[in-house]
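So the structure is just underneath, and the comments pick up after that.
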Amino acid sequence: MQGNHDNFISPSRVVLAFDLDCFYAQVVIKNNPDLRNKPVAVRQKYITVTCNYEARKYGVTKLCSLEEAKRLCPALVIVDGSDLTPFREASEKIYNFWKSRACGCPIERKGFDECFLDITELVKVRLRGISGFPVFEGYIFGDVEKESKINNLHVQMLAVGSQIASDWRMELKSMLGYTCCGGISFGKLSAKFAVEMNKPDKQSIILPSKFHDFLSDIPCRRLQGIGRVMNQRLLEEYRKRYPNEQTKETKSITCANARQFSFSVLMNMFENNSKTATFVYNSVRGIDEEPVLASLPLAKTVSQEETSLPHPTTRETACTRLRVLCDRLIRLVLERKVKSGQIPSTLRVTIVDKLLPRKSQESVNLKKRGRNRRTESRQTKIFNADMVFKNGDSIYKSSHPLLLKLLNNLGCDGSFKLARMNLAVADFLQIKEKRPNGNRTKVVRKSETDGRDNIVQGQDYSHPRIATNKLPQVQRKNVSIVSAFKFASSSGNGKTSVNSRKKRQKTIKSFFSAG
């Protein structure tokens, strides 16, 4: 429900937010020690996605064009970052470090370099062994003395949380060689703003009673969860209601401006969507009760992407780029198979086309709507994963037809310019058990998504509908279980006579009564 008052006092939670300092640049420098103390930027396509602080002294920033970056800093070392493998490996090591320190507390990952941790229970345990008022570690936004009069216990918990965050950051630096910023507060939203206060390699604390005032001058667009469309609605509604305000030149209203909208106004604005209205109403007032959701230990999707120049404009260059992605992806698939015993069952190819002048009416309509790109995606189920994910060439044989179909969909004249190509695998299945079954091998696998056990023959996978949890547990004798399941699964499909259906039912009944 929406908050009943503006000066909201949060429940006694302690949430940490960690953000690695210029993560990509740190990974590059760690893998190439000769670049230490030199201005370094990591590029993707024709921009710098990040740069270290030595480069920022010269005015180089994120999303800076390569030409501009070189003009500002002639000595800048630019490293290609199109291959995400080293960054993914470093992120996994850092995540395992947080996990080893969290003692079971939930960890929510945000990209490669950010995460949230709810350490409330860990703080309570440590607080029992502390006599006196604990000392804060880091910059404090708010008055500790006034805050203690409101909720003294919570202030002590935040102080202990700041000590834990400081210890973990120092251990991360000494053990893995990475520096990060820390934010300590009562929720994810406030901790996110706290982590951005002091950079690099520092931490900050936002006290609950001051977060409302802190947000007053913050544009709504900066709140996590308020995107471009939602921000535009808020801005247009504010201009209608308050035409005298100086908002014509602004791109976003502040949280203080958005607080003038009542809950009923927000409901009308978002077409009676109570979830969206409640979210906006609470967020602009600093009401943050969103829980820290523990991320899955393994990603649901593994992908490789290529956006480097020059963009493919022919089928030959597009296929060459796909082959590069296949060689990269196979390493990740085989690594996961060895570590976790999981094999993907879905293969997907996605391309983004920078629309060129075409004769097709569809292209004209897209440009009229202001869109200069078109995304096409196609996927297929894999039933012989051991053969498809054997090496890069085998993946290419399965993904190449998908790419050709996507290219055919782009336009009747066959012209295209692929700004991005993505190759992904998903729907990982756990190989649960392997045991001999006569001259064949019976593999029992468990789906990661629905948890059903499927019995399959040899190295080929069965259809998902053939599940053992749909059949009674009986003693089976002198009957081929795989052929019986196939026979059972085919019953009722297509047009069959009454005698055929009765014959099938009789055979299945005799199978389960065997023994």
Side-chain angles (χ1 to χ4, degrees), residues 1-17 19 108 110 114 116-120 123 136 138-155 157-159 161-162 165 181-198 203-227 230-231 233-235 237-238 252-267 269-270 274-293:
M1 296 178 61
Q2 69 272 20
N4 297 323
H5 45 78
D6 286 348
N7 294 322
F8 172 72
I9 304 301
S10 169
S12 298
R13 288 198 302 164
V14 180
V15 177
L16 306 183
D19 186 3
E108 183 174 344
K110 292 292 183 181
E114 296 183 39
F116 294 101
L117 296 92
D118 188 339
I119 60 168
T120 305
V123 167
F136 277 93
Y139 170 77
I140 306 173
F141 184 82
D143 192 323
V144 175
E145 185 177 350
K146 291 182 179 179
E147 191 77 26
S148 300
K149 295 179 181 179
I150 300 174
N151 192 340
N152 182 61
L153 177 60
H154 194 197
V155 175
M157 292 175 65
L158 290 174
S162 69
C181 300
I184 303 95
S185 196
F186 62 91
K188 290 167 62 176
L189 182 63
S190 52
K192 174 63 176 176
F193 279 105
V195 80
E196 296 175 352
M197 278 186 169
N198 291 293
Q203 66 180 41
S204 304
I205 305 99
I206 295 182
L207 300 180
S209 63
K210 280 295 181 181
F211 188 50
H212 180 273
D213 298 333
F214 173 84
L215 285 179
S216 296
D217 297 329
I218 300 295
C220 292
R221 186 66 175 89
R222 286 190 58 191
L223 298 181
Q224 193 169 6
I226 296 183
M230 189 181 297
N231 175 72
R233 285 191 183 183
L234 292 172
L235 181 59
E237 184 68 23
Y238 190 81
S252 175
I253 60 175
T254 64
C255 291
N257 297 142
R259 290 170 192 159
Q260 300 182 43
F261 298 139
S262 64
F263 185 74
S264 59
V265 171
L266 292 175
M267 284 287 288
M269 190 185 311
F270 298 109
S274 59
K275 184 178 180 180
T276 303
T278 302
F279 167 76
V280 175
Y281 187 93
N282 290 344
S283 297
V284 299
R285 289 165 173 77
I287 303 175
D288 183 15
E289 298 177 344
E290 183 182 357
V292 176
L293 302 176

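Bear in mind that the values here come from a model prediction, so they are computed numbers and not experimental data.
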Worksheet entry | Donor-acceptor contact present, side-chain Ser252 to main-chain Arg221, <3.5 Å | yes

Discussion item. Against the six-membered ring of Phe141, is Lys210 placed for a cation-pi contact (under 6.0 Å from the centre, within 45° of the normal)?
Written reply: no

Worksheet entry | Donor-acceptor pair, side chain of Ser162 and main chain of Ala159, under 3.5 angstrom | yes

Practice prompt. Please report the C-alpha distance between Val292 and Leu117 in whole Å, then the side-chain angles of each, then the deciding distance to 0.1 Å, and finally whether the side chain to side chain contact (heavy atoms under 4.5 Å, CB included) criterion is met.
Written response: CA-CA 7 Å; Val292 176; Leu117 296 92; 5.8 Å; no

Item to complete: Please report the closest heavy-atom contact between Cys220 and Ala258, naming both atoms and the distance.
Response: SG-CB, 3.7 Å

Worksheet entry | Any side-chain heavy-atom pair of Lys188 and Pro291 under 4.5 Å | no

Item to complete: Would you give the length of the straight line joining atom SG of Cys255 to atom CG of Leu234, rounded to the nearest 0.5 angstrom?
Response: 10.0 Å

Discussion item. Just verifying a value: how many Å separate Asp213 CG and Ile218 CD1, rounded to the nearest 0.5 Å?
Written reply: 12.0 Å

Worksheet entry | Rounded distance [0.5 Å steps], CD in Gln203 versus SG in Cys181 | 9.5 Å

Discussion item. Taking Val14's backbone N and O only, do any of them form a donor-acceptor pair with Thr120's side chain (distance below 3.5 Å, no angle check)?
Written reply: yes

Worksheet item: Can you tell if the side chain of Leu207 reaches within under 4.5 Å of the side chain of Asp143, non-hydrogen atoms only?
Response: no

Practice prompt. Determine whether His154 and Pro208 make a side-chain contact, defined as any pair of heavy atoms from C-beta on separated by less than 4.5 Å.
Written response: yes

Practice prompt. Evaluate the salt bridge (Lys or Arg N to Asp or Glu O under 4.0 Å) criterion for residues Lys192 and Glu196: first the C-alpha distance (whole Å), next the side-chain angles of each, then the deciding distance (0.1 Å), finally the verdict.
Written response: CA-CA 7 Å; Lys192 174 63 176 176; Glu196 296 175 352; 3.6 Å; yes

Practice prompt. Show the numbers, then the answer: is there a salt bridge (Lys or Arg N to Asp or Glu O under 4.0 Å) between Glu108 and Lys110?
Written response: CA-CA 7 Å; Glu108 183 174 344; Lys110 292 292 183 181; 3.3 Å; yes

Discussion item. For Met267 versus Ser274, what's the shortest heavy-atom pair and its separation?
Written reply: SD-CA, 3.5 Å

Practice prompt. Rounded to the nearest 0.5 Å, what's the gap from CZ on Phe186 to CG on Asp118? Could you check?
Written response: 13.0 Å

Discussion item. Between Asn282 and Asp288, is the side chain to side chain contact (heavy atoms under 4.5 Å, CB included) condition met? List the steps.
Written reply: CA-CA 7 Å; Asn282 290 344; Asp288 183 15; over 6 Å; no

Worksheet item: Phe193 and Leu223: side chain to side chain contact (heavy atoms under 4.5 Å, CB included), yes or no, with the steps?
Response: CA-CA 9 Å; Phe193 279 105; Leu223 298 181; 3.8 Å; yes

Worksheet entry | Short side-chain to backbone donor-acceptor contact, Arg285 and His212, under 3.5 Å | no

Worksheet entry | Main-chain N/O of Val280 paired to Ser283 side chain as donor or acceptor, under 3.5 Å | no

Worksheet item: Which atoms form the tightest heavy-atom contact between Ser12 and Asn151, and what is the distance?
Response: OG-ND2, 3.5 Å

Worksheet item: Would Thr254 and Asp217 count as having a side-chain donor-acceptor pair, cut-off 3.5 Å?
Response: no

Worksheet item: Can a donor-acceptor pair be found between the side chains of Ser185 and Arg13 at a distance below 3.5 Å?
Response: no

Worksheet item: Can you name the closest pair of heavy atoms from Ser190 and Ile206 and give their distance?
Response: O-CD1, 3.6 Å

Worksheet item: Closest heavy-atom contact between Ala277 and Leu266?
Response: O-CD1, 3.8 Å

Item to complete: Could you grab the distance from atom CE of Met230 to atom CG of Leu235, nearest 0.5 Å is fine?
Response: 14.0 Å

Item to complete: Go through the steps for Val284 and Phe261 under the test side chain to side chain contact (heavy atoms under 4.5 Å, CB included), then give the verdict.
Response: CA-CA 10 Å; Val284 299; Phe261 298 139; over 6 Å; no

Worksheet entry | Flag side-chain contact, heavy atom, 4.5 Å: Arg233 against Tyr238 | no

Worksheet item: Between the side chains of Tyr139 and Asn198, does any donor sit under 3.5 Å from an acceptor?
Response: no

Discussion item. Can you tell me how the ring of Phe263 sits relative to the ring of Tyr281, calling it parallel under 30°, perpendicular over 60° and tilted otherwise?
Written reply: perpendicular

Discussion item. Please report the interatomic distance CD(Glu290) to CD(Gln224), rounded to the nearest 0.5 Å.
Written reply: 7.5 Å

